[in-house]
Novice: 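Following this message is one structure expressed as structure tokens.
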Amino acid sequence: MAREVKLLGIWPSPFVFRVKVALQLKGVDYEYFEEDPFNKSPKLLESNPIHKKVPVLIHGEKPINESLTILEYIEETWQNNPLLPQDPYERATVRFWAKFVDDLFWNKAFAAFIAKGEAKEKIEKEVIEGLEKIDGAIKEKSSLFNSAAGGESIGFLDIVFGVIGYWLPIYEEAGSMQTHTQKFPAIAEWTTKFVNHPVIKENLPSTESLLPFFRQVHEFVSSASNN
């Protein structure tokens with residue numbers, strides 16, 4: 001019998017990782033479908049016709065797209081083990097920093113990953129400025145980061161910030177970026193606690209597998225830009 005909840009993803013994606021973790025924390029049984037980014041399935045194209053990308057959560061044949069939107073949907077649909085704080089102000093603060101992280105990663109860090117020369121250096125400075133703000137947020141608002149607060153649970157911001165603490169250092173090595181994420185003390189400390197959580201360990205791709213993948217991505221993008 002087919003499961004009611006399905007997830008379309010690709011294994012190296014930090015955004016797919018977010019959804020996997022949230023579903024497991026909520027105890028949701030789901031069926032996972034690995035997509036080929038170079039040969040997208042009819043199901044993916046049908047479920048996300050605008051962006052044609054993963055992750056896509058399908059619940060009762062209804063598709064939900066974009067990882068932050070999916071996390072909100074999971075939180076509202078399965079209310080056990082809450083990921084968001086109960087206080088409205090704290091919930092708003094969590095949403096602000098979640099959006100800040102995604103804007104930094106997509107609009108700045110990925111741009112630095114594929115850029116060259118002076119353009120790369122300029123964007124790297126902007127990434128560093130963003131990392132300084134994130135480092136400060138972890139120090140000042142540690143109660144919103146369950147891992148930073150030493151809690152045994154994982155919250156919404158912990159799930160979202162994984163892209164900075166774990167994936168960005170891999171981008172730095174694969175793309176020869178000089179942003180040095182792990183030199184920021186609060187980010188480094190939070191990352192250590194985060195990656196040692198049992199649910200995170202279970203779902204986190206190894207750096208040994210991610211690094212060659214993103215090196216290939218970098219080479220592919222570089223060669224394409226030279227043509």
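Just so you know, these numbers come straight off a predicted model, no measurement behind them. Side-chain atoms are counted along with the backbone in the values below, which use heavy atoms only and exclude waters and symmetry mates.
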Novice: Please give me the minimum heavy-atom distance between Ser47 and Pro63, naming the atom from each residue.
Specialist: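 In terms of heavy atoms, the two residues are closest at O-CB, 3.6 Å.
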Novice: Over all heavy atoms of both residues, which pair between Thr192 and Val195 is shortest? Give the atoms and the distance, please.
Specialist: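 Scanning both residues completely, I find the closest heavy atoms to be O-CG2, 3.5 Å.
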Novice: Residues two or more places apart in sequence or in another chain: which of them pass ring-ring contact (aromatic ring centres under 6.0 Å, His included) with Phe100?
Specialist: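 Applying ring-ring contact (aromatic ring centres under 6.0 Å, His included) to Phe100 gives Trp97.
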Novice: How long is the gap from OG on Ser176 to NZ on Lys116, to the nearest 0.5 Å?
Specialist: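 Spacing of OG (Ser176) from NZ (Lys116) equals 11.5 Å.
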Novice: Could you tell me whether Glu189 and Lys193 have a side-chain N and a carboxylate O separated by less than 4.0 Å?
Specialist: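 Lys193 and Glu189: salt-bridged.
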Novice: Which pairs pass salt bridge (charged side-chain N to carboxylate O under 4.0 Å, His left out) with one or both residues in residues 174-185, sequence neighbours excluded?
Specialist: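 Matches after skipping sequence neighbours: none remain.
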Novice: State, to 0.1 Å, how close Val94 and Leu157 come at their nearest heavy-atom pair, and which atoms those are.
Specialist: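 In this case the closest contact between Val94 and Leu157 is O-CD2, 3.5 Å.
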Novice: Tell me every residue that passes salt bridge (Lys or Arg N to Asp or Glu O under 4.0 Å) with Lys133, counting only those two or more places apart in sequence or in another chain.
Specialist: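 For Lys133, no residue satisfies salt bridge (Lys or Arg N to Asp or Glu O under 4.0 Å) once neighbours in sequence are set aside.
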Novice: Assess whether side chain to side chain contact (heavy atoms under 4.5 Å, CB included) is satisfied between Ile123 and Phe113, documenting all intermediate values.
Specialist: CA-CA 9 Å; Ile123 303 169; Phe113 176 71; over 6 Å; no
Novice: Going by atom type alone, with no hydrogens or angles, which donor-acceptor pairs under 3.5 Å involve a side-chain atom of residues 80-89 and a protein atom two or more places apart or on another chain?
Specialist:
residue: Asn80; atom: ND2; partner: Lys26; partner atom: O; Å: 2.9
residue: Asn81; atom: ND2; partner: Leu25; partner atom: O; Å: 2.8
residue: Asp87; atom: OD2; partner: Tyr89; partner atom: N; Å: 3.1
residue: Asp87; atom: OD2; partner: Glu90; partner atom: N; Å: 3.0

Novice: Test of understanding: with salt bridge (Lys or Arg N to Asp or Glu O under 4.0 Å), list the residues that count as partners of Asp29, not counting sequence neighbours.
Specialist: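 Asp29: salt bridge (Lys or Arg N to Asp or Glu O under 4.0 Å) contacts with Arg3.
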Novice: Should the heavy atoms of other residues, nucleotides or ligands under 6.0 Å from NZ of Lys108 be counted, would the total exceed 12?
Specialist: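 Atom NZ in Lys108 is not packed in, count stays at 12 or less.
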Novice: Answer yes or no: is there a side-chain heavy-atom contact under 4.5 Å between Phe161 and Thr191?
Specialist: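 With C-beta onward as the side chain, the pair stays apart.
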Novice: Under a single-linkage rule joining Ile, Leu, Val, Met, Phe, Trp and Tyr whose side-chain heavy atoms are separated by less than 4.5 Å, which residues share a cluster with Ile50?
Specialist: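 Other cluster members: none.
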Novice: Donor-acceptor pair, His51 side chain versus Lys53 backbone, under 3.5 Å?
Specialist: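 No.
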Novice: Is Glu61 paired with Lys43 through a side-chain N to carboxylate O contact shorter than 4.0 Å?
Specialist: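 Looking at Glu61 together with Lys43, the answer is yes, because their closest N to O distance falls below 4.0 Å.
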Novice: Do you know the tightest heavy-atom contact between Met177 and Ala112?
Specialist: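 Smallest interatomic distance, heavy atoms only, reads CE-CB, 3.9 Å.
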Novice: Name all pairs fulfilling the salt bridge (charged side-chain N to carboxylate O under 4.0 Å, His left out) condition that reach into residues 93-104, sequence neighbours left out, sorted by first residue then second.
Specialist: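 Qualifying pairs, neighbours excluded: Arg18-Asp102, Glu72-Arg95, Lys99-Asp103.
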Novice: Between atom CZ of Phe156 and atom CG of Leu144, what is the distance when rounded to the nearest 0.5 Å?
Specialist: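 These two atoms lie 12.0 Å from each other.
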Novice: Suppose we screen for salt bridge (Lys or Arg N to Asp or Glu O under 4.0 Å). Which residues come up paired with Lys52, at least two apart in sequence or across chains?
Specialist: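 For Lys52 there are no salt bridge (Lys or Arg N to Asp or Glu O under 4.0 Å) partners, ignoring immediate neighbours.
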Novice: Could you give me the CA-CA distance, side-chain angles and deciding distance for Lys122 and Glu118, then say whether salt bridge (charged side-chain N to carboxylate O under 4.0 Å, His left out) is met?
Specialist: CA-CA 6 Å; Lys122 180 177 182 296; Glu118 292 182 3; over 6 Å; no
Novice: Got a sec, which residues hit ring-ring contact (aromatic ring centres under 6.0 Å, His included) with Trp11, two or more places apart in sequence or on another chain?
Specialist: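 Trp11 satisfies ring-ring contact (aromatic ring centres under 6.0 Å, His included) with Phe213 only.
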Novice: Are any side-chain N or O atoms of Glu35 and backbone N or O atoms of Ser41, one a donor and one an acceptor, separated by less than 3.5 Å?
Specialist: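 Judged by distance alone, yes, a pair lies under 3.5 Å.
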Novice: Looking at side-chain heavy atoms only, is the closest gap between Asp158 and Trp190 below 4.5 Å?
Specialist: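 In contact.
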Novice: So, applying side-chain hydrogen bond (donor to acceptor under 3.5 Å, both in side chains) with Asn203, which one of Lys20, His197, Gln24 is it?
Specialist: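 In the set Lys20, His197, Gln24, the residue that makes a side-chain hydrogen bond (donor to acceptor under 3.5 Å, both in side chains) with Asn203 is Gln24.
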Novice: With salt bridge (charged side-chain N to carboxylate O under 4.0 Å, His left out) as the rule and sequence neighbours excluded, what pairs involving residues 197-213 come up?
Specialist: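 Passing the test, one end in residues 197-213: no pairs.
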Novice: Start with the C-alpha gap between Val163 and Phe17, add the side-chain angles, then the distance that decides, and say whether side chain to side chain contact (heavy atoms under 4.5 Å, CB included) holds.
Specialist: CA-CA 9 Å; Val163 73; Phe17 162 80; over 6 Å; no
Novice: Is there a donor-acceptor pair closer than 3.5 Å between any side-chain N or O of Asp135 and the backbone N or O of Leu131?
Specialist: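 Answer holds: no.
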Novice: Report the hydrophobic cluster partners of Leu8, with the cluster defined as I, L, V, M, F, W, Y residues connected by side-chain heavy atoms closer than 4.5 angstrom, directly or transitively.
Specialist: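 ILVMFWY cluster around Leu8 also holds Val5, Leu7, Ile10, Val16, Val19, Leu23, Val28, Tyr30, Tyr32, Phe33, Leu44, Val54, Val56, Leu57, Ile58, Ile64, Ile70, Tyr73, Ile74, Trp78.
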Novice: Could you state the interatomic distance from CD1 (Ile134) to CZ (Phe184), rounded to the nearest 0.5 Å?
Specialist: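 Spacing of CD1 (Ile134) from CZ (Phe184) equals 9.0 Å.
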Novice: Show me the donor-acceptor pairs within less than 3.5 Å that the side chains of residues 165-174 make with the rest of the protein, sequence neighbours left out.
Specialist:
residue: Tyr166; atom: OH; partner: Pro205; partner atom: O; Å: 2.7
residue: Tyr166; atom: OH; partner: Thr207; partner atom: N; Å: 3.2
residue: Trp167; atom: NE1; partner: Pro12; partner atom: O; Å: 2.9
residue: Glu172; atom: OE1; partner: Thr181; partner atom: N; Å: 3.4
residue: Glu172; atom: OE2; partner: Thr179; partner atom: OG1; Å: 2.6
residue: Glu172; atom: OE2; partner: His180; partner atom: N; Å: 3.1
residue: Glu172; atom: OE2; partner: Thr181; partner atom: N; Å: 2.9
residue: Glu172; atom: OE2; partner: Thr181; partner atom: OG1; Å: 2.5
residue: Glu173; atom: OE2; partner: Arg215; partner atom: NH2; Å: 3.3

